[in-house]
Amino acid sequence: MAKDEYQAREFKVIGTRPIRPDGIDKVTGKAQYGADMSAPGMLWGAIKRSPHAHARIVSIDTSAASAMKGVKAVITRADFTHQPEDKANADVLDNCMAGERALYDGHAVAAVAATSKSIAAAALDAIKVDYEVLPHVTDVDDAVKPGAPIIHEGRQRENVPEGHNGNVISRTAFGHGDPEEGFKKADLIIERNFTTAATHQGYIEPNACLASLGADGQGEIWVCTQGHYMVRNVSAAVLGLDAGKIRATASEIGGGFGGKTHVWQEPVALKLSQEAGKPVKLVLNRDEVFRATGPTASSSADIKIGMTKDGKITAATCTYRLQSGAYPADNAMLAAMCGFAPYDLEHVRTEGLEVVTNRPKAAAYRAPGAPMGAFPVESVIDELCQKLDLDPLDTRLQNASREGTRAVYGPTYPAIGLEATLEAAKAHPHWTAPLGDNQGRGVACGFWFNFGGDTSVSLMVNLDGTVSLAEGNPDIGGSRAAMTMMAAEELGIPLDQVRTFIADTASLGQNENTHGSRVTYAVGLATIKAARHAIEVMKQRAAMKWGIDADAIEWKDGAAHPAGDNAGKFPPMSIKEIAAISSNTGGPIAGHHEANPEGAGVSFATHMVDTETDPETGAVKVLRYTVFQDAGKAIHPDYVEGQFQGGAAQGIGWALNEEYVYGEDGRLQNPGFLDYRIPVASDLPMIEPVILEIPNPGHPYGVRGVGETSIVPPLAAIANAVSRSSDVRLTALPMSPPKVLAAMKAK
Amino acid sequence: MVAVRLWGSLGEAAGATEVEVQASNLRELLLGLEENYPVLRSELERGISVSIDGKIYNDSWATPIAPDSEVVLLTRLVGG
Amino acid sequence: MKFHSPQSVDEAIGLLAADPDAKILAGGTDLLVRLRSRDVAPSAVIDIKRIDALTTISQPDGRWRIGAAVPSAEMNEHAGLKAAWPGVVEAADLIGSTQVQGRATVTGNLCNAGPAADSVPAMVAAGAMAEVAGPDGTRLVPVEDIPTAPGKTSLKQGEMVTAITLPGKPANSGDAYLRFIPRTEMDIAVVGVGIALTMDGDTIKDAKVALGAVGPKVIVADAAAKALIGTTGDEAALDALAEAASAAATPIDDKRGTAEFRRDVTGVMAKRTAKIAIARAKGEA
Amino acid sequence: MSRIHVSTTINGDETEFLCEAQETLLDVLRDDLDLTGSKEGCASGDCGACSVTVDGRLVCSCLMLAAEAEGRAIETIEGMADGDDLHPLQQKFLEMGALQCGICTPGVLVAAKNLLERNPDPTEEQVRYWLAGNLCRCTGYDKIIRAVMETAKDMRGAA
């Protein structure tokens, strides 16, 4: 086992709340996001999309569009002459530009590049597509029924047993013990079906890129994404290009939440540019974002939990069906791993079925699959508590996973922080605050894996002693601040002596996406190690100047010091002084670190919410909300709190009002912010973040990722609060007023 | 020999909840599994994660494994 | 597409009469969305915001006159209008966001003929008239007679609504508008109820109830009004009002709500709206 | 197609541009005048990321034709700071971490400034309703609302 990275220490910078280095640009409108960049000679790209949920593309006539003045390129799938071998990349290509069939409403079928937006729009209208409409299916439970239209023939994995139709692409099961035996010991068993609607990440910045690709296969792409390395690598594979000949530069990113961890349109922009011989800007509109970039999977779960009168869970099973849209994904697997992860169960079995449908390819939305995993589990545990008259926090504590618990997905947990979040919740004044009429309080727990991944960081000590830090992960919510702070802490210099840049793909080695709650953990770790590397170099330079051994030098407060009297009497040599003589002592000074750190550790949270239900309309108002989560060590607490608050707000939207609404015709009925109802400022109360700091042994400062777990508990926490405020158990999300009122009337 | 625990459905396919492999690091573990357990090959090709003594690893071949380590195969994780 | 900005009503009508495919641009908060989504492709837009007579709130002859280009934010800032017809002003203030209120007009809200237009039930309840100008002169039309079906109006070729007029506030009267939406803001009404009533002592002497978003166009619910008239607005009368309002609703299932939900909530909103209107009529709110 | 000539004032500067009739003010600000601080999040008036003021009135620049700007005075996020001196709202947003990705921030700031000019002492509820048309997906609004309230307090104190 790898040794612990963590060392307890006093911090000077870490844990403070300085102004973020990219802040001024972002409050003055100077920061450049995906759609904000232009290039000389630039054309405007636009994509024509299928109005059908499922259709064979009989023919596409682009001649009229091509003949229009100002139209410089018109492309269809036929222009993508390279067929990727890798299945995942082949799916990306097919999703970017439909081949023989359009698989969902909004699937791209052709694209144009023109000298103005209006000409591009007119050119799309001039493209004539002849479709043969095919039967479609958009609902996950309909898709698994016998006789459902099969979206893909021959894609079912070997792990799917007989008896499932071809839309069930994969099956994964987890667990241990013998649930049937366990259920025999239960005093009460609850068995139910739960469903969640597909929700979109709803980032406010539509996907955008500016691409330039020459006939020689050399190109540039400016792109808003959670991973410009990923965009470069996947685009190159899809187009049959050498990754090294393309340079991707990350723009500022206006939200992603997992939705920008995939390639949706960049190969189209590159191809248009190559055909036209000019740079092409391709900006999706909101309608396209909803129809053609990945929302979450919708889900349906059959759950059964048994409990004794005194609150011990004796057994649990759950089958999750998650629709992954038109292409295979692995969301049900994650739901099946995460749902019961907070609990220490002797007998548990889960299974996840990945189901394809005629919808856009599903993507991660913070912790992928985990909210759908937790919603049935946390709802049924709460209902058991209600029926057995048990305290929901105590019961969760009684069954909580802790060090030594065997997780539903297999391993034995090391030290984990779930109990700490539950204890913090119990001790918080929120738990005992009085409630009024029609008000209820709900709690729920959530779990998510965090991970590390490929990371490359360089830290340059400039000739004047200032520091430039290059990292390769788009800054989605304050990570430049966190990296700057870690570098300054390690080097012992003031924050304003370090500036952090997001490097392009030609300037650093591979960097995994900004996802998996990895950046503050993994990039932070690499930053600290790059700084330590630079310190080693600086010690050598000072040693050379002083004519002593580098081992006889210690680094503190931003300067080299002789280590004790034996090393000799020299005044401290600051980073500035060392930098000034760098040309004389061996040349430029830089530290770097490349690694795939794998000590991210798992993450737990407990959420508590008060709601009030209008008994006459079914409207649910969120009155108070508190998040308890372990951050390991909060580098910049404002942005840790922001992750807690933002995830909770998104979960509230998912619970109450957000959903993809499909018509009988398989078309999305609400592809806009008017009827896709994300929470607005007047919908929410303040969201209190309670940061716990239990150091993660896998990080030098104890950092644990915090970006994703906060979206896991809200769905059930709110359902549990609604149940206690209005005495109805909602099992289908969203809990929109018509559903709540109907449930209350049916009581 | 290292005992490697398989997840539920993988165990069903392999006909065992645990398999044994001669390995002192992650690289040897993956090679050993691929060589000795053809039934696991499709999942290995799609990519897996491995929990070693409660810590989850995706890639790092050099990660040491002791004979008494708890080793659990996991499906490959993604994030958002 | 051409862009015109006429300086007078006559000039606007001339442009409109000459070009059947032209569209009037007042606040533009609906028109621009439809232009962008390529739902409409007019040959020209006629911006009426440069016509002075259409940009003011005035009170000629005791009636209120709200020019067709007056944004709802200006209505909300007009103390006199707000005191006289708080329900109408509140309804106008519910159209979209603060930003949208800076542009959107009640005339536009009416002429779009959307079934869920917030200001329309409130205006109907208040007895508002639309001032319609056309090649043949100007006429006054009850607001409820402007929309005929979703997206369709009774306006003839070359006609435009130049203002909304409201009666001077009758003594002992009050009006109110409430809507139900899933969120607290930014939604299209799932149910809207406008009520205006006049009291004689503790008794409701006269009432008008108008329902939005529960039929293809605004519904004047006479039976619901009758349930109030002659009562003190007591619980029994309010229950009767709710029942009659629900019965008058002819909603459909759609992405914004089920028919059953809309019918139920119509009654609930009618009761709540009536309570506010009564309190206002009594000078209690 | 013939283009329309428009004379207007943007952030105090007299500005002329040519536009197509169907182009919005947002299109022209971003694509022709390089004022890309105003963002397009929806193009339907539902997100507020393109908020500007026109003759002091807060509007979505995506819901206004560029040609309508003739003779008007337009203020965008680019005009909010006075040179290097940030507006108190801008400064407070930085100090309180009231932004994450930052895409909604220009629109929120323009809208909040307009609120405080009209109502220097808003309640939390008034701030929340005024900003209901400015969608933010990162923050849950908590720190944004706090920053606006704190700025209002500071500005009242300074006045």
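Proteins come first, then strands; the chains are lettered A, B, ... in the order of their sequence lines, and each starts at number 1.
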Please set out all donor-acceptor pairs under 3.5 angstrom arising from side-chain atoms of residues 406-416 of chain A, sequence neighbours excluded.
from: A/R406; atom 1: NE; to: A/G410; atom 2: O; distance (Å): 3.3
from: A/T412; atom 1: OG1; to: B/E70; atom 2: OE2; distance (Å): 2.2
from: A/Y413; atom 1: OH; to: A/A341; atom 2: O; distance (Å): 2.7

Worksheet item: Quick one: what part of A/Q226 sits under 4.5 Å from any heavy atom of chain B, side chain, backbone, both or neither?
Response: side chain
Fill in: Under 4.5 Å from any heavy atom of chain A - which part of B/R46
side chain
Worksheet item: Minimum heavy-atom separation for A/P368 to B/G80, with atom names?
Response: CD-N, 3.7 Å
Worksheet item: Relative to chain B, which segment of A/T514 carries a heavy atom at a distance below 4.5 Å: side chain, backbone, both, or neither?
Response: backbone
Worksheet item: Non-hydrogen atoms of chain B under 4.5 Å away: do they reach the side chain of A/F174, the backbone, both or neither?
Response: both
Item to complete: Would you please test B/R41 and A/E158 for salt bridge (charged side-chain N to carboxylate O under 4.0 Å, His left out) and show each step?
Response: CA-CA 11 Å; B/R41 269 179 205 161; A/E158 80 296 337; over 6 Å; no
Discussion item. If I take atom OG1 from residue B/T75 and atom CG from residue A/N159, how far apart are they, to the nearest 0.5 angstrom?
Written reply: 10.5 Å
Worksheet item: Do B/V78 and A/L334 come close enough that some side-chain heavy atom pair is under 4.5 Å?
Response: yes
Worksheet item: For B/E34, which residues count as a side-chain hydrogen bond (donor to acceptor under 3.5 Å, both in side chains) partner, sequence neighbours excluded?
Response: none
Item to complete: To the nearest 0.5 angstrom, please state how far the OG atom of B/S9 sits from the CE atom of A/M333.
Response: 10.5 Å
Discussion item. Would you compute the distance between atom CD1 of B/I56 and atom CZ of A/F449 and round it to the nearest 0.5 angstrom?
Written reply: 5.0 Å
Discussion item. Less than 4.5 Å to any heavy atom of chain B: does that hold for the side chain of A/N596, its backbone, both, or neither?
Written reply: both
Worksheet, complete the sentence: Rounded to the nearest 0.5 angstrom, the CG-CE distance for B/L77 and A/M337 is 5.0 Å
Worksheet item: Tell me, side chain or backbone of A/R366 under 4.5 Å from chain B's heavy atoms, or both, or neither?
Response: backbone
Item to complete: State the CG-CD distance between B/L26 and A/E598, to the nearest 0.5 angstrom.
Response: 7.5 Å
